[in-house]
Amino acid sequence: MSSTESAKPSKLPPFDAADPLGIDDLLGPDDLAIRDTVRTWATDRVLPHIAEWYEKGELPGIRELARELGALGALGMSLDGYGCAGASAVQYGLACLELEAADSGIRSLVSVQGSLAMYAIHRFGSEEQKQRWLPGMASGEIIGCFGLTEPDHGSDPAGMRTYAKRDGADWILTGRKMWITNGSVAGVAVVWAQTDEGEDGRGIRGFVVPTDAPGLEAPEIHHKWSLRASVTSELVMDEVRLPADAVLPDAKGLRGPLSCLSHARYGIVWGSMGAARASFESALDYARSREQFGRPIGGFQLTQAKLADMALELHKGILLAHHLGRRMDAGGLRPEQVSFGKLNNVREAIEICRTSRTILGANGISLEYPVMRHATNLESVLTYEGTVEMHQLVLGKALTGLDAFR
């Protein structure tokens with residue numbers, strides 16, 4: 001017998017429909033424990049209520065949910081110190097996947113808190129700012145938001161009109177931000193504004209703004225047909241006076257907010273696969289039990305073709321997320337690679353939801369099943385943290401060396 005033959009396993013493990021590629025073999029005990037803990041929390045605390053929350057367009061008890069997520073270590077999960085868990089990028093990604101398998105709104109709460117607001121303070125803030133805000137944010141006692149997008153400036157943040165001017169040692173902040181997750185329940189906002197500190201008289205700076213500051217209001221946005229179980233607001237600032245130490249000292253120019261967005265986009269690469277997985281599993285279960293023409297519809301060739309194609313894209317997307325996570329943990333993840341993941345995985349997740357809906361037939365539009373809820377949520381995920389077109393142009397520039405943005 002050759003050495004090659006003797007090295008072959010005597011018996012292959014059974015095929016696992018939930019993990020057809022054996023991706024779990026890439027995970028260690030700590031990874032699996034974190035994933036299972038977050039999955040259990042989402043199953044117990046979110047899934048029994050999410051259809052009602054979505055239908056009513058509200059997220060009741062958001063502060064309690066935030067504290068529970070803080071107790072899990074899910075807020076600022078991949079940051080070190082200040083009460084943060086210091087988890088790996090892969091572990092954070094696994095948490096995002098499980099949270100979005102419950103609902104995109106829950107993952108958005110965590111992403112904006114940790115990957116945008118906390119990340120900005122952790123990376124660019126002073127030690128005093130970190131000590132003041134991060135421990136409370138990590139525990140969920142303080143909710144944060146991130147003010148970059150404006151009514152007239154989304155994909156072009158360099159054109160923002162929010163302005164901060166000097167008044168002695170203080171700053172006076174005036175402007176309006178739009179589509180701000182957590183805005184009306186936040187205790188602190190990281191707000192980006194134009195200043196006169198750049199070489200050309202313009203320079204973007206970040207400010208840590210307590211939301212009880214006089215002149216700041218955060219009216220909630222209603223009438224959404226996506227991310228309904230999520231708090232979305234405006235930030236309206238009318239000459240908000242801030243002390244000199246409110247500015248993030250190490251963030252100058254667009255590099256600051258864009259690096260925060262890259263970190264949040266990474267979470268979406270994973271999270272979108274959670275929404276896709278939940279929809280696929282719903283369709284698979286339905287196909288096994290729903291009978292037409294005297295047998296389960298999963299026994300028909302066209303249905304099996306749909307399930308096979310969805311499984312391919314779902315698990316390819318999870319593999320891509322794992323790969324990007326390993327690169328981030330090794331310190332080698334480029335922004336263009338994050339764009340690659342966000343563009344592919346959200347697009348494929350939407351297609352999986354739409355195909356799952358066809359398997360469920362008329363039941364696919366019912367909130368008794370998660371498919372339509374995930375599909376409509378992903379329409380927001382498709383365009384926030386960078387639209388499809390922006391990520392295509394990021395990759396196009398990287399591939400050709402030619403800038404097509406302007």
Side-chain angles (χ1 to χ4, degrees), residues 7-47 65-103 106-107 109-111 113-115 118-119 122 134-135 138-140 263-264 266-278 280-281 284 311 314-333 337-338 341 345 349:
K8 292 180 180 179
S10 57
K11 186 178 180 181
L12 290 173
F15 181 81
D16 183 358
D19 184 21
L21 295 179
I23 297 174
D24 278 4
D25 293 345
L26 300 174
L27 303 175
D30 290 344
D31 303 328
L32 293 169
I34 288 172
R35 183 194 69 183
D36 293 346
T37 297
V38 177
R39 181 181 297 181
T40 298
W41 178 86
T43 299
D44 293 343
R45 288 291 285 119
V46 178
L47 289 183
L65 290 173
R67 287 190 290 268
E68 292 177 18
L69 287 162
L72 289 177
L75 302 179
M77 187 173 175
S78 59
L79 304 178
D80 291 315
Y82 309 98
C84 301
S88 71
V90 168
Q91 290 167 349
Y92 171 59
L94 290 166
C96 287
L97 189 151
E98 297 301 331
L99 292 169
E100 194 145 358
D103 193 77
I106 304 300
R107 198 268 308 146
L109 164 64
V110 170
S111 288
Q113 177 86 346
S115 291
M118 292 178 68
Y119 181 81
H122 191 277
L134 291 179
S139 70
H263 201 265
Y266 166 77
I268 291 172
V269 176
W270 286 89
S272 58
M273 290 296 96
R277 189 192 72 192
F280 171 76
E281 289 176 347
L284 181 60
L314 170 62
H315 294 284
K316 282 159 58 178
I318 294 174
L319 272 177
L320 173 56
H322 269 276
H323 174 66
L324 297 183
R326 301 295 183 195
R327 291 192 64 83
M328 179 176 279
D329 281 327
L333 182 62
Q337 294 165 340
V338 178
N345 282 14

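Between His263 and Tyr266, the two ring planes are tilted [angle within 30° to 60°]. Aromatic ring pairs are classed by plane angle as parallel below 30°, tilted from 30° to 60° and perpendicular above 60°; the pair His315 and Phe280 is perpendicular.
We find that Asp30 and Arg35 are not joined by a salt bridge, their nearest charged nitrogen and carboxylate oxygen being 4.0 Å or further apart.
You'll find the side chain of Glu98 stays beyond 4.5 Å of the side chain of Thr43, heavy atoms only. In this structure, the side chains of Val90 and Trp270 come closer than 4.5 Å at one or more pairs of heavy atoms. Side chains of Leu21 and Leu319 form a contact here, defined as non-hydrogen atoms less than 4.5 Å apart. Between Asp25 and Asp19, the closest side-chain pair of non-hydrogen atoms is not below 4.5 Å. For the pair Met328/Tyr92, no side-chain contact is recorded, criterion being any heavy-atom separation below 4.5 Å from C-beta on. Under the 4.5 Å side-chain criterion, counting only non-hydrogen atoms from C-beta, Trp41 is in contact with Leu69. Considering only heavy atoms from C-beta on, Arg39 stays 4.5 Å or farther from Leu97 through its side chain. With contacts defined as side-chain heavy-atom distances shorter than 4.5 Å, the pair Leu47/Asp103 does not qualify.
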Side chain to side chain contact (heavy atoms under 4.5 Å, CB included) between Arg277 and Glu281, intermediate numbers included: CA-CA 6 Å; Arg277 189 192 72 192; Glu281 289 176 347; 3.6 Å; yes
Audit row: Asn345, Leu320, side chain to side chain contact (heavy atoms under 4.5 Å, CB included) steps and yes/no: CA-CA 8 Å; Asn345 282 14; Leu320 173 56; 3.6 Å; yes
Check against side chain to side chain contact (heavy atoms under 4.5 Å, CB included), Ile268 and Arg107: CA-CA 9 Å; Ile268 291 172; Arg107 198 268 308 146; 3.7 Å; yes
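No hydrogens or angles considered: nothing links the side chains of Tyr119 and Ser78 as a donor-acceptor pair under 3.5 Å.
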